[in-house]
Structure formats: C-alpha cells, structure tokens
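Everything below concerns the one structure shown next.
Each ligand, and each atom within it, is numbered from 1 in the order the structure gives. Starting from 1, each residue takes its place in the sequence as its number.
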Amino acid sequence: MFWRCGSLSSKKTLKMSSPTYTLSKSTFVRGCKCLKSLYLYKFHYDLRDEVSEQQQSLFDQGNEVGMLARSLFPGGKDATVSPAHDYTASVQHTQQFLETGCKTVYEAGFMFNNVYAAADILLIRPNGWYLYEVKSSTSVKEYHILDAALQYYILKNLGYPVKQVNIVCINNQYVRHCTIEPEKLFDIHDITTQAGDLQDYVEDQLEVMQQMLKIRMEPQCRLGPQCSEFYPCDFHGHCWKKFNEVKYPVTAISKIGDKLWELVNKNIYCQSQIPSEYYFRLTPLQRQQIVCTLEHKSSAPNIKEIRKFLKNVSSPVSFLDFETIATAIPLFDGTRPYQQVPFQFSLHCDDGSGQHCHYEYLGDGKTDPRPELIKQLLTSIPRKGSILVYYMPFEQTRLQELAESFPQYRKQLLSICERLVDLIIPFRNRYIYHHKMNGSASIKSVLPALFPELDYSKLNISDGGIASLAYLNLSRLKDKKQIASIREDLLEYCKRDTDAMVKLYGYLNNLTCSCAKVIPMWQMEVLSNVSRIESSVKNEIVTNRAESNTVAKNTRDELSASLKCFGDVFSTSINSTTQLQKNQLEIFAANLVTLTKSIEEKLQTLTAGIENKLQKSNAASTNESKESLKELKDTLDGFKKDFTESVNDFNSVQKENFYALLNKQSDQNVATTNKLDQMRDTLERKLTDIQLGNEKKLEEMRATVDEKLQKTLESRLGESFKIVSERLEAVHKGLGDMQQLAIGVGDLKKVLTNVKTRGILGEYQLANILEQILTPEQYEKNVKTKAGSNCAVEFAVKLPGKEDKPLWLPVDSKFPREDFELLINAYEHSGADEIEECRKNFVRGIKKAAMDICSKYIDPPYTTDFAILFLPFESLYAEVLRSPGLFEMIRSEYKITIAGPTTLSAFLSSLQMGFKTLAIEKRSSEVWQLLGAVKTEFGNFGGILEKTQKKLQEASNVIEQAGVRSRAIERKLKTVQELPKDKSTELLENIIENSAEQEISIIAN
Ligand code: SF4
C-alpha cells in the first residue's frame, strides 16, 4: 500500500545482539517511504540537506496551525518537552497528567517496544480515548494515515481504550471574517477504520526497520518517485550527487517524468550517455533539448509562429507582474487558506514613443495590501492595448479573485483580464530555444540565457518564494533600516520580472524585424526544408541503426540458442555413452563376481569332497594313502593347471573384451570428436554465412538508405534550388525595381531639399485635391485676392458673392520641412529639452506661414474673412494638432484654418455639397415659373377642349341629318337603273372634280 524502497539483504544476521534504536512517528514514516533514508538519518545524519528558509517557514507554519487547532479542544495540558527528542521525559510528563485525571492533553507522548509517538491532541472521555493528529494540508494524505496508525498501534498495545483516530486538516473553503473561527477553519476526518486496517502493516514495518537498525547495514535502494513524493527527501543532495557530477544531467530534460527512473536504472546520468535507440521514447521537444544541449547550439527561431504571436499584441503594450503571499491561516478578511494574496505589482507601460514608464506598488506588510494595490493599478494601467504577463493563469486568477473580493472594481479588473497576453507562449512552445534555457520556459531560465547580464542570482531576492517570506517578515521587523532594505530588494526583484518581459518582448520583435531584413521568406522556407530533411535523415539513420541492432541481437540470440542446443545434444550423447560404458562395466563386474562365486563354490564343493574322501581313505587304508595322495596331487595339479589355464583364458578373454571396449570407446571418442569437429565446422560455416548474409543485408540496407537519402536529398534540394533560383530571379527583379525606387527616392529627396521644388510639391498636391473634388469653374489658380496688391494666392475657391461677383476663399500650401525633420529626429534621438526646442521652432514656422497668408491674401468683402493653410502631409498636420492650442490660436489670431490632405478633402467636399444646394435652390425658382406658365396654358387648353367638344357635337348632328337624307335619296333612287362600275367611277370622278373646282372658286371668292 505505502511506498517502500530498499530491503534487507539477509535475515540470518537478525539474531545478532546490537544496540536498540528508538523509532518515532517521523522516523517510522521516513522508513516506510525509504529504508535508506531511515538508515542515513540514524547513522549519517551529517549527510542531510540543509533546511532552507522556505522549508523552515513551512515547519513554523505547521506549528502555528497545530497551536491554533488546540483551541478546538481548549483547557488541555501541554506535555511538550524540550528538547523534543527527550522521549522519556515526554512519556513521564504525560503519565503525570493522566494520573491527575486530566481529560485533554496536548502532545501526549507514549512509548511501546522502543517506538515513541506523541498525539497532537488526546481527549480522554468516559467511552474511550480520542486521538487528533493536526496537519496543515487541505486533505488527508496516505502518510497522515500511516502516522496516525502508528499512534493507534502504540496506544492499543499499551492497553489504552482508543475509541477514535482523527486527522485535523485545513478547510480551504473557509473565508475569514474578522477573527479566525477554528471550528470553521478546520475539518476533522475520522480515520479509525483505516488506521485499524494498517495495524499488521505497522507491525511488520517496525520489525523490518528495527532489524535494519540492528544490523546497521545500508539498504540497497534505487532512486525513484519516493525521493520527492509528498515532500522532498532531505538526503536528496547526497543520493542525487551523481547528477551534479555530470555536465548535462538527465534530470534537466524537461518533463522527463518516469523515464528518469528507467535511465537511472541503466546507470545513465548524463544526457550524452542516452543510447540512440532510446531517443524514440522521448518527445520531439525533449530530443530538441538534448541535441541543443550537447551541441551547444540554439534551434532556428520559428519566425512565422513568433510573428503570429506578436500579431495578438496591440499597442500600447504594458507588462505586469504580481507577487503574492499564501498562508494556511488567512491573514486578511475575505481571504481563504492558501489563497495567493497579491501584495506587490510592477508595471511597465509604453508611453507611445517607444519609452517605458514604470509603476509599482508594495504593501506595508501590516495591513491588507489589496485595496491600495487595486487603486494604484487602475490609476497607472493604460485603458487600452495589450498587457503582457509571464504565465497568464497566475495573474489572471489573481485579478479574478480581486474582482470577486472587491466588486466595486470588478468591471475594470475583469477588463484587464481580457487584455492579458501570455509571453511564455513563444518560449514554452519553443518558437525560440537556446541551449542555456535547459529545457525550461521559466523566466528565470529564459532571461539569463538571452540576456546573461540580467541574471536573477545577482539579486538579494531571487525567487517568488523568498519574496513571500521577506514580505511576511516585514510585519515582524522593528529596525527601520532593515525594513527599508527588504522593501528595496522586493521592489528590485518584482521590477526585474517586468524588465525581463520588456527585454524578451523587444527581443522577439527584433528577431522578426532582423529576420525580415536579413533572411527573406524563401530562405526561411529553404532553411526549414533543410532542417526537416536533416531531421528525417537523422531519424532514418537512427531507425536503421536500431533495426541493425535488433537483427544483430536476434542473430546473437539464435547463435547462442543453437550453441546451447548443440551443448545439450553433446552433453546428452556423452552422458549416454558414459552410461552405456558404465552399464557394460557393471555387467562385466557382475559377471566377474558371479564367476568368482561359482569358482569359490566349486572349490568349496571340491574341498568338501576331498575332505570326505580323505576321511574315508584314512579309515580304509593308510597304504592307499600315498597312492591316493599322489592321485590327488595329480588331480590337483591337473585341476590347478586347468584352473590356471581357464583363469588365464578368462583373463585374456576379459582383456580382449576390455581392449575391444576401449577400442570401441576410443573409436566412439574419435567419431564423437569428428562429429563435433564437423558440427563446429558446419556451425562456423553457418555463422560465417549468417555474418556474411548480415553484412550483405546491412550493406544493401545502407546502400538503399543512402540511395533513398541521396534521391530524396537530390530531389528536395533540386526543388529547393529551383525555388531558390526562381526566388533569386524575383529578388533580382525586385532589386531592379528597388534601384528604380531608390532613384525615385533620391529624386524625391532632392525635391524635398529644394525650397522651391518643395513648394511646388505642396502646390501640386493641393491642385490635385482641388481638381478631384471641385469643378474647374469653382476655383481659380494664382488669384490676386487683395485689392491693390500684386500677391497672388496659389488657389482661391469661388464662393457666391454679391452682384454675381465671386467671393474668394484663399488656399495656400506651406511645407516647413527642416523644422519638422529636426523635430522628428529629436523625438527619436534626443532628450526632452531638445525636443521642446525643436517643437518651438516648428510652431514658429507655422505661425510665420499663417501670418504671411493672412497679410497677403485675406481682404473682405472680396475674400472670406479667413483663409486655408494647406500642409501637404498628414504627419505634419498631426504634429500641428499635437502642439496644444496652436491650431486654435492660429485660427483666432490670424484667421487661418490649417488643413492636412484629408481635412482639406473633407472641407472641400462639404463646400461642394454647399455649391450643389445653392444650384438646386437657384433652379427651383425657375421650375416654379415654368409651372405657373404651364398652369395658365392648361386653363386655355381646357377652353379649347370645350370648344372642340361643341364642334364635334355639331358635326355628329350634321352627319346624322346626312344619314336621314341619304336614306331618303336611296329610297328615291330605287327606281333608277344601276350603271356599270367603270362608267359610274368615271362619271363620279368628273362630278367630284367639278364640285371641287366649284368649292375652290367659292372659297376663293
Ligand atoms: S533521496 Fe531517495 S533514495 Fe535517497 S534516501 Fe531519500 S528517498 Fe531514499
């Protein structure tokens, strides 16, 4: 469950008699985390790291929290002893309180089996004992439970009735109002069950630790997450010193995480030791860092991305940084535990001319710094433009918290949030990377890498943690000199942060400018193509190498497997041969034993027979004894001879067998040796073949890769060179254009340096504007507007005057170039005094020109009572407007209105509108007259219409009468015969002609 690093190598030594060491809560937790840490603590205390000021402050804060937590259970007795490691005194003290019936004890100490623990708060209640362990963190951690479990273990084993085990933590949602309310500030967590579940574990761990202390042997322990988990180990400096001994430690690789332990396990401490095949496991940014570090180079800046980033920044640019304090017990009303309360800010603002104004605020260390800080910030920060910060989430959250706590400033504070831009982005995303940044984008790493003279280490306060501590100290200090010195250091530190941002922002801008000048885009593309090709080539080579390694490894494995197999076969065959020989020898020995036995038996039988015969013959006859003896002797001799022969034969057979066996064995050995030789030869041949095959394959692979690389390089380089040559042509052409342009610029310069031509330029521009807006009838050139004067104004606009005579509006252009240029130069290179001097000269020149126009061309009622002074450039006009009151003074004093190109165009456009309105007014009376005439004519037209109607009526009546008459005629003509058509036509034509003549004569008469 819990961390554990290190183990005991031997248990045999456990029974050695050695001195015993007392364990406490802290040493127990230390041992659970890492046995080596416990060992070093007990036997090499001098190797511990020094306690830093910040760590000491955390300890002090923990003590403060512990004291405050006592107010949850007031009225207790304090069993604290001094020195704190006088465990015996602590236990005695506690016992005394218990014996006197004390119900609440603080720091109650108990000891069991050489293990000591003190409960922060112990409550003795009728139903049992309650333990409270106070922690200054905001949640219950694993090691808190372990700590409490040890107390539970000791008290249980001492036979005390523990009812409940609790952890008291800080409630980070608590908001302070006036005085601290401990019951709200603290959260109590009942962990009795968890502590109970850990009892066996505690017991085991105690045993292991005590054994380790007894044998006094340093446990084997690798570096690992335990070194920094929950809190950093205080033997870090000792255990990690190997990293300090190498130049480029792997610990410096950014975001290395758990890969660090893999490298450490392989005894890789320096970046240069990392094997190439391991590179694949690293991220591209980590690889970039290592390459840059080892080759001492910076990566090419990503100008495209930097430009994109800078586009998000709008002028005027400001730079802001906060310093904060965060305490477990909130210091001010409206704050929460561990809330980052800003006590200081530094602000650099661009004043519009490229210069920076600096504003800062630092609290007094006693009262809540936030209200005044907000006021000062809102007064000094510009209303528009981007605000650059380094690591935006921090400043943004601070502003949001301030807005929440001070709703009256909410709108302004949140509007600042909206304008924040994070300057860390180009460095964190490695748009720019210098090997001295060591893989870090922190401003403390980036600044000295790019501006070594601005190293933070030269400051008395060199980081935010120390700054917080220094600020907290302000309230405790009495010595004014000391206070002033700390304040100075704090102001310098915070200013360095914004100074750093100003520098870095300028650096990025310069980079894009210089790159734009020095490296054109096409070159950037070529560079990026080349770097892409380079990295792909590198990757391919590394892949190739890794594959070759794998193939070689596989071959080695195969070879060793076949050798092993061969060894196994060989040893099996030897074993079987030996076994066979052994069996044969055993059979031979058994045969020999059987033979000897049978011979012995035969001898015994023979001896017995002889003895019987002897006994019988002794009894029969002594005479026969000699013969018998002789016979016996002969028989025995014969037998001896036979036996010797038979034994000799047997021996020779055995010898032959044995020699045959030996021969067979040696033959077998020879055969085995031959076989082995053959196998070795075959193996060697095969190995050589494999080796040759591998080499050939590798060669082929290398050739393929080379070919591919060559091809890719050639094709890509070809493409790139094609693009390059195209671009070069374009550049060449561009250069020609530029030369033309340069000639043009030179001409322009000449024009501008000559007073006369300069005047002509202004006049020319003025003419252009007039021509574009007015019609040629609406203005005149070179008009003598003043009666009796020969001075002719460049242009005069015709306004409608009395008696159809024009009223002139004089317009004259002026261009005070020298004064203007001097003023602009002064802005860029000189101090305030010189700028003021140049400005005065410029104003003088403008006034003189206005006076000139006023005296020469204004002459009411022939002209308007004012004239226009035209300035041919907007910048010139803007400079006039920039001089406070100049424009108004010239208008009121000299009746001259100053206008730039845009203003004049607007003015003339409104005049043109006026002219048009006048023309319409004039034409409208004519329209009325026309309408009157039309009305009169319309009346006459009505009369004529009536008459026409009458005449038409009369004509229709006459036609009706004619119809009646024609019908009467028809009736009468019915009796008349009809003539043929031709004759009738002829006759009628004659009649018509005659009647027409008659009518004409009648009319004539
Ligand atoms: S630094 Fe790591 S390995 Fe060394 S004692 Fe501490 S925890 Fe154990």
Side-chain angles (χ1 to χ4, degrees), residues 1-11 13 18 21-56 58-59 62 85 115 135 137 141-147 149-150 198 201-202 204-271 273-274 438 465:
M1 169 181 181
F2 292 98
W3 0 253
R4 158 48 59 78
C5 182
S7 58
L8 294 175
S9 51
S10 164
K11 283 211 169 192
T13 44
S18 315
Y21 290 91
T22 307
L23 286 167
S24 65
K25 274 195 303 185
S26 61
T27 48
F28 171 71
V29 174
R30 179 187 286 277
C32 286
K33 194 173 167 183
C34 175
L35 264 186
K36 183 179 174 183
S37 172
L38 175 62
Y39 170 84
L40 292 171
Y41 186 82
K42 285 287 182 186
F43 304 119
H44 297 283
Y45 191 80
D46 53 313
L47 297 178
R48 259 182 107 201
D49 297 338
E50 264 181 41
V51 178
S52 69
E53 257 184 80
Q54 279 153 287
Q55 282 172 324
Q56 189 54 51
L58 283 178
F59 295 150
H85 59 261
V115 185
K135 301 290 173 194
S137 61
K141 307 274 182 332
E142 270 183 317
Y143 69 95
H144 296 160
I145 299 175
L146 198 57
D147 188 328
L150 182 74
L198 281 173
Y201 175 80
V202 170
D204 291 348
Q205 294 306 310
L206 283 172
E207 197 190 331
V208 172
M209 287 176 212
Q210 280 170 337
Q211 285 162 358
M212 186 274 289
L213 294 175
K214 270 184 199 165
I215 60 174
R216 231 190 139 124
M217 189 192 284
E218 183 170 334
Q220 293 307 304
C221 193
R222 286 183 180 282
L223 303 182
Q226 82 281 359
C227 300
S228 52
E229 206 160 30
F230 298 119
Y231 49 84
C233 173
D234 43 9
F235 289 100
H236 202 280
H238 168 68
C239 294
W240 289 60
K241 63 173 177 263
K242 273 195 179 163
F243 293 105
N244 296 334
E245 288 162 4
V246 295
K247 208 167 177 191
Y248 309 116
V250 288
T251 43
I253 301 173
S254 76
K255 297 183 183 160
I256 185 74
D258 287 345
K259 286 180 206 140
L260 178 65
W261 315 129
E262 289 175 29
L263 293 171
V264 169
N265 282 340
K266 291 177 184 162
N267 290 325
I268 294 169
Y269 296 95
C270 182
Q271 292 177 29
Q273 296 170 328
I274 297 176
N438 261 335

Review point. For Leu35 and Cys221, what are the C-alpha separation, side-chain angles and deciding distance, and is it a side-chain contact (heavy atoms from CB on, under 4.5 Å)?
Key: CA-CA 8 Å; Leu35 264 186; Cys221 193; over 6 Å; no
Check your understanding: Hey, is there an N, O or S on Cys34 sitting under 2.8 Å from atom 2 (Fe) of ligand 1?
Key -> no
Exercise for review: Report the relative orientation of the aromatic rings in Tyr21 and Phe43; use parallel for angles under 30°, tilted for 30 to 60°, perpendicular for over 60°.
Suggested key: perpendicular
Point to revise | Element-labelled atoms of ligand 1 that are located less than 4.0 Å from some non-hydrogen atom of Gln226 | key: 2 (Fe), 3 (S), 7 (S)
Less than 3.5 Å apart, which donor and acceptor atoms pair up between the side chains of residues 260-268 and the rest of the protein, not counting sequence neighbours?
from   : atom 1 : to     : atom 2 : distance (Å)
Glu262 : OE1    : Tyr278 : OH     : 2.9
Glu262 : OE1    : Arg281 : NH1    : 2.7
Glu262 : OE1    : Arg281 : NH2    : 3.2
Glu262 : OE2    : Arg281 : NH2    : 3.2
Asn265 : OD1    : Arg222 : NE     : 3.4
Asn265 : OD1    : Arg222 : NH1    : 3.1
Asn265 : ND2    : Trp261 : O      : 3.3

Check your understanding: Run the side-chain contact (heavy atoms from CB on, under 4.5 Å) check on His85 and Thr22 step by step: do they pass?
Key -> CA-CA 10 Å; His85 59 261; Thr22 307; over 6 Å; no
Point to revise | Polar side-chain atom of Asp49 near backbone of Gly237 as donor-acceptor pair, under 3.5 Å | key: yes
Check your understanding: Does Cys227 approach ligand 1 within less than 4.0 angstrom via side chain, backbone, both or neither, non-hydrogen atoms only?
Key -> both
Study note, to complete from the structure: Atoms of ligand 1 under 4.0 Å from any heavy atom of Ser37, numbered from 1 in the order shown, are 5 (S)
Exercise for review: Check whether any N, O or S atom of Cys233 sits under 2.8 Å from atom 6 (Fe) of ligand 1.
Suggested key: yes
